[in-house]
Amino acid sequence: MARHLITSAIPYINGIKHLGNLIGSQLPADLFARYQRARGHEVLFLCATDEHGTPAELAAAKAGQPVAQYCAEMHELQSKIAAGFRLSFDHFGRSSSAQNHRLTQHFAGRLAEAGLIREVAEKQMYSPTDGRYLPDRYIEGTCPNCGFEDARGDQCDNCTKQLDPTDLINPRSTISGATDLEERETKHLYLAQSQMRDQLQAWIDSKTDWPILTTSIAKKWLNDGDGLQDRGITRDLDWGIPVRKGTELWPGMEDKVFYVWFDAPIEYIAAAQEWQDAGKGSDWERWWRTDKGAQDVTYTQFMGKDNVPFHTLSFPATILGSGEPWKLVDYIKSFNYLNYDGGQFSTSRGRGVFMDQALEILPADYWRWWLLSNAPESSDAEFTWDLFQANTNKDLADVLGNFVSRVTKFCRSKFGETVPEGGAWGDQEEALIKELDNRLRAYEGFMESMEVRKAAAELRAIWVAGNEYLQSAAPWSTFKENQQQSGAQTRLALNLIRFYAVVSSPFIPDAAAAMMSAMKTQDASWPQDVKAALGALPAGHAFEVPEVTFRKITDDEREEWKMRFAGKRD
RNA sequence: GGGCCUGUAGCUCAAUUGGUUAGAGCAGAGCGCUCAUAACGCUUUGGUUGGGGGUUCGAGUCCCUCCGGGCCUACCA
């Protein structure tokens with residue numbers, strides 16, 4: 001039995017995520033976790049909310065709440081929505097946890113001892129009115145290059161010139177509009193990633209089987225310009241993990257906190273501690289310390305392409321730099337973006353479908369199936385309502401749902417609600433078994449290598465094979481002259497429903513559970529031997545005709561949703 | 001500006017790393033079936049692989065160039 005540690009990029013606390021965020025990391029991670037569990041492997045699947053930083057503080061202020069309370073409430077909300085999508089996290093943690101505080105401070109201490117932290121004095125814009133230092137993007141002013149009046153502190157949106165906030169003419173705070181900004185000198189800690197460049201380069205170069213999206217982004221950062229740059233890991237904020245050198249105060253850094261890019265990935269480790277402390281498991285180090293049992297763990301990370309630099313460089317630098325035997329990631333599966341109907345999903349403009357809204361209009365399985373079978377693996381992908389309706393109606397309602405329906409209803413009308421007896425398998429049945437065996441092995445291969453779209457296509461072909469079999473065997477015809485044979489065919493078809501439930505469960509867990517329940521079986525064992533698996537429900541076994549497994553999406557609904565999600569949320 | 005990814009049938013995607021006649025699903029057309037959610041099955045139409053040039057016995061695949069789409073470029077995560 002193999003052991004799989006699986007993490008999904010941790011979503012930012014600031015609001016409800018859209019479908020693009022979901023398919024970018026959490027959903028494919030869940031698919032992989034469910035598959036590995038179904039194969040009987042030991043899995044620890046972790047995720048969390050990323051709670052620190054300026055956006056969280058501002059969102060809390062806007063909501064009129066203390067930031068800690070805001071984060072606690074948003075965490076609960078995100079947790080609830082994740083459960084609605086059946087994301088099977090073993091633990092959904094928080095980067096603000098006490099465990100992460102200790103661990104982040106511990107790593108900083110170790111890195112300092114290793115000589116990988118240096119102090120840098122730099123100038124930052126401070127807003128007395130807001131009572132805070134302002135990140136570049138929260139400062140606007142007139143572009144010195146083109147005269148555009150709403151240029152941001154990091155870049156002018158009009159002429160695209162890279163800017164420094166101090167370049168702006170008449171700079172102002174985008175939070176309060178205050179113009180009394182002043183430049184202050186402040187000291188920050190930098191992680192000396194540049195010292196680890198060769199080590200990181202060698203590590204990345206050894207990962208020849210990673211998605212090209214992952215390695216190309218990493219290599220660009222390693223080799224661009226002067227090579228890998230050191231990164232600031234502290235900020236002048238209130239909300240965050242206080243800077244400490246291990247458990248000791250850090251002279252000169254008393255009022256500062258670590259920056260989210262430093263503490264967020266460490267939460268992957270802390271989440272395992274939280275998992276144990278919550279009473280869900282034990283011996284968390286067995287998953288994370290190669291000196292304490294994690295040497296045989298396979299660690300896989302899932303993320304959108306925007307997160308690749310931190311997972312390929314910054315976090316590995318943190319782990320390697322600590323000099324301690326922490327588990328390094330074995331495989332990074334990254335995704336492109338999902339667009340919405342010709343443009344991008346937009347949180348600020350309410351364009352596109354958000355996770356809470358999606359669950360209001362349809363069950364999770366519809367979204368899971370469509371998103372996964374159209375995952376943006378090789379390039380950005382696009383969500384349109386026409387495609388969504390056409391694909392889900394065809395795949396889920398017609399091919400799979402109707403199969404369940406036609407088989408169970410036929411059996412009920414001819415043999416009653418028990419698996420019929422008699423008859424024997426012939427050539428058609430052998431051919432079906434052979435095809436299913438071939439396709440199942442291909443499906444397993446795609447799932448192992450996380451080729452999500454190909455896995456979905458293979459699964460669909462497995463469903464189609466059932467319909468082809470029914471058409472050629474035609475138990476409704478054989479019933480007229482040979483009821484024994486019709487019984488054998490129907491018995492096989494009923495067993496296909498259980499078979500489909502088992503192999504489909506990573507994609508559509510609720511429908512799979514409903515199919516298992518209808519077949520009144522608990523036997524969810526993975527079909528090692530297809531022939532044996534299709535005999536799991538013996539003659540005489542009772543079942544019931546289920547409710548419609550997947551109803552169709554109507555044209556009226558499609559048009560209504562098109563309008564509703566075009567922009568301006570609520 | 002620099003870099004990366006991408007362009008294949010009306011739509012969404014494949015193509016074993018240069019090897020026969022470029023394949024699937026959807027949509028369209030025809031036929032069949034009648035167990036089923038007007039569902040299912042079979043057959044079938046459809047491509048100058050964005051344009052042009054080159055290397056090669058052979059190019060969707062490699063090189064050059066032009067055109068289109070997207071992303072990154074380090075303080076939004």
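Naming convention: chains lettered A, B, ... in sequence-line order (proteins, then strands); numbering from 1 in each chain. Note that this is a predicted model, so its numbers are computed, not measured.
With a cut-off of 3.5 Å on both Watson-Crick or G-U wobble distances, the partner of B:G18 is given as none. Under the Watson-Crick or G-U wobble criterion, with both distances below 3.5 Å, B:C40 is paired with B:G32. Base pairing annotation: B:C76 forms no Watson-Crick or G-U wobble pair, as no partner gives both donor-acceptor distances under 3.5 Å. Nucleotide B:C11 forms a pair with B:G25, judged by Watson-Crick or G-U wobble geometry with both contacts under 3.5 Å.
Comparing B:A59 with B:U20, their C1' atoms sit 14 Å apart, to the nearest whole Å. A distance of about 40 Å separates the P atoms of B:C26 and B:C64, rounded to the whole Å. When the C1' atom is used for both B:A24 and B:U16, the distance is 16 Å, rounded to whole Å. As rounded to the nearest Å, B:G25 and B:C40 have P atoms that lie 13 Å from one another. Between B:G46 and B:A9, the distance separating the two P atoms is 15 Å to the nearest Å. Taking atom P in both B:A14 and B:C57, the straight-line distance is 32 Å, to the nearest Å.
In this structure, A:D380 and A:R235 both approach RNA chain B, and ranking their closest nucleotides by distance from the 5' end singles out A:D380. Residues A:D395 and A:I217 both approach RNA chain B. Their nearest nucleotides, taken by heavy-atom distance, put A:I217 toward the 5′ side.
Counting to the nearest Å, the C1' atom of B:G70 and the CG atom of A:L338 are 13 Å from each other.
Ionic pairing of A:E557 and A:R551 is present here: one or more N-O contacts between side-chain nitrogen and carboxylate oxygen are shorter than 4.0 angstrom.
Using modelled atom types and a 3.5 Å distance limit, the side chains of A:D555 and A:Q389 yield a donor-acceptor pair. Inspection of the A:W463 and A:S504 side chains reveals an N or O donor paired with an N or O acceptor under 3.5 Å.
With a 4.5 Å cut-off on side-chain heavy atoms, A:Y70 and A:H75 do not count as touching.
By the stacking rule of 5.5 Å between ring centres and under 30° between planes, A:W476 stacks on the base of B:C35.
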